[in-house]
Amino acid sequence: MPPTAGNRARGNRFRRWLSATRGDSRTGVACRARHHWLRACCIAALSCTCPGWAPALAGEYDLGAGFLLAHDSNITRTADPRAEWTETWFAGVGYSERTADLTARLLAQVERRDFVRNTYQNDTAYFLNGAAVWTIAPQQLSWTVEDFAGESLLDLTAPDTPANRTRTNSLSTGPEFTFRVNPTNTPVIGARYGRYDIQGPGGNQRYTGYAHWLHQLSEPEKLSLNYEATHVDFTPPALLPNFLRQDTFLRYERLSSLNSLTLEGGTTHIQRYGGDQTNGRLARASALHALTSESAVRLVLADQISDSATDLLRTVTGVTLTTTPTTPTEIATAEPLSGSNVATGDAYRSQRGEVTYIASGRAGYTLQGYARRVDYATLDQDYREAGGGLALTWNQTDAVRIYASANYLKRIFPSLDERDTDRTGILGTNYRLTRSLAASVEVRLMERESNVPLASFLDRRVMLLLGYSTGPQYGAASRR
């Protein structure tokens, strides 16, 4: 059913606010993801029925479903091509809210995929990307929940196929207390409970405590001294030792609706229980500048020690607490971090540089380039990668959109003496049949050149998508 006029009005108010502010088994992780979703639904129900206990929900939600038919000329992505048809059915919900008590956004989806020629086993996958901040006492006490459930690569050296993916879930939740000493100085303390679940070994639980001292330099400028400590406890059977991580750093922020600058500098210390220590620098810089009302550029530089669970939650924090990006500034801010998503509990040093330019309009484009170096603390999977991409979009009419993109990635594994070059080209069109129903046709070419024998491949894919959505909170598309 199309959104009502009331929903539209609330959506307009939300967009105006945004522009003004800126397991061990195949089912283990999926079950945990469903349990997280169930807990969220219970909280939502209690919020609606118990006034005073939690904020009443007053946001917008949209539902959707769709069917995707795809043909791959080489679905196994090997030197011996094997063609396959896949049928994917999916349904999901999107929700967002911005009130005095609650800021939240949620996207949840379930997908059923059938392989017609039985190249792989049929499967069902669950995806969840959500974050919420509940303000219990204004400017004093809040509670944050972040959750990201999806799929990650098992082996970065192997092609991205159904056999090389596993389910992962990263959850973080906890309170934050704010104490205002005077108008310019504000101490903040908080705690987080988190867990990183992998379908296989490497999952862990983490307990974090942090303290920040914020000093307001001017209206858009802040300077803060920060300390964060995290205890990581791996789930048996553990392949990695438990450890304690401590971060001490200084942060400078200058934020506005069109431009922002964040600089962080400090140190990271990791003490493995019964093992050695790892010390490293923490240096991060992020700048966003709106060149015009229809163009923006973003620069990100980072040298830090991180892990897969933390990087997944950065994706949640960066994307979910905003509306669907519409302006170049919003799109540049919400652009996911470049790099590979690999299922591992090991910590690693990540050095990364990324630049993104976005121009919107009837004919818009996005240009991105990045380079990254990853050195694992324990595993022998270090790699270097560099790449870039160009995406073009032409809105021919209100109902017809044509899009194309080209991506290039070169990755080197020094310890394995392996060098891979991936190229991907996409051409597609989207046609809106009605206000809620749309159809898409897409052709995709994926190629890998490798110095490893029989590792090169070429895959041609053709996809037909029919999607239904009640509104802008949910986009009907496969999340794989």
Side-chain angles (χ1 to χ4, degrees), residues 1 3 7 10-11 14-15 17-18 29-45 47 57-68 88-99 102-113 124-134 144-152 165 167-173 194 196-197 309 311-326 330-331 333-337 341 430 436-438 440 465-480:
M1 180 179 295
N7 283 342
R10 287 195 297 271
F14 186 87
R15 285 186 283 274
W17 167 84
L18 178 67
V29 175
C31 288
R32 281 189 288 270
R34 289 196 295 269
H35 292 163
H36 299 329
W37 169 248
L38 179 60
R39 285 195 294 270
C41 292
C42 292
I43 292 174
S47 299
L57 298 182
E60 299 180 18
Y61 73 91
D62 288 304
L63 307 174
F67 171 73
L68 185 148
T88 302
W89 298 87
F90 59 86
V93 59
Y95 177 86
S96 69
E97 177 172 347
R98 172 68 183 185
T99 65
L102 182 66
T103 299
R105 183 165 179 83
L106 172 72
L107 175 64
Q109 181 163 304
V110 58
E111 296 189 19
R112 171 66 181 181
R113 180 171 57 181
T124 302
Y126 304 90
F127 300 89
L128 188 146
N129 187 341
V133 178
W134 173 26
T144 299
V145 179
E146 301 168 298
D147 196 7
F148 187 94
E151 294 182 340
S152 300
R165 281 182 170 243
R167 296 170 186 168
T168 57
N169 184 82
S170 188
L171 167 72
S172 176
T173 185
Y196 180 55
D197 295 310
D311 285 347
L312 280 177
L313 285 180
R314 284 200 185 101
T315 304
V316 176
T317 305
V319 177
T320 3
L321 289 184
T322 67
T323 59
T324 301
T326 56
E330 294 170 11
I331 295 173
T333 303
E335 191 73 22
L337 298 179
N341 174 25
N430 177 271
S436 302
L437 190 63
S440 299
L465 170 68
L466 186 64
Y468 171 83
S469 174
T470 60
Q473 303 301 329
Y474 176 80
S478 174
R479 309 296 168 186
R480 294 182 187 269

Side-chain donor or acceptor of Thr470 paired with backbone N/O of Asp62 under 3.5 Å: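 A pair under 3.5 Å: no.
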
Sidechain-backbone polar pair: Thr173 side chain, Thr144 backbone, donor-acceptor under 3.5 Å: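 Yes; at least one donor-acceptor contact below 3.5 Å.
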
Distance in Å, [X] [atom1] paired with [Y] [atom2], rounded so as to fall on 0.5 Å steps:
X      : Y      : atom1 : atom2 : answer
Ser170 : Asp147 : OG    : CG    : 7.5 Å
Phe127 : Arg167 : CZ    : CZ    : 8.5 Å
Arg113 : Arg480 : CZ    : CZ    : 3.5 Å
Leu128 : Asn169 : CG    : CG    : 7.5 Å
Glu97  : Leu106 : CD    : CG    : 12.0 Å
Leu107 : Phe148 : CG    : CZ    : 9.5 Å

Report yes if some heavy atom in the side chain of [X] is under 4.5 Å from a heavy atom in the side chain of [Y]; otherwise report no.
X      : Y      : value
Thr88  : Leu465 : no
Tyr474 : Gln109 : yes
Tyr196 : Thr168 : yes

Shortest non-hydrogen contact from [X] toward [Y]:
X      : Y      : answer
Ala132 : Leu102 : CB-CD1, 4.3 Å
Ser96  : Arg105 : CB-NH1, 3.5 Å
Ala438 : Asn430 : CB-ND2, 4.1 Å

Partners meeting side-chain hydrogen bond (donor to acceptor under 3.5 Å, both in side chains) with Ser478 (sequence neighbours left out):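 Checked Ser478 against side-chain hydrogen bond (donor to acceptor under 3.5 Å, both in side chains); matches are Glu111.
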
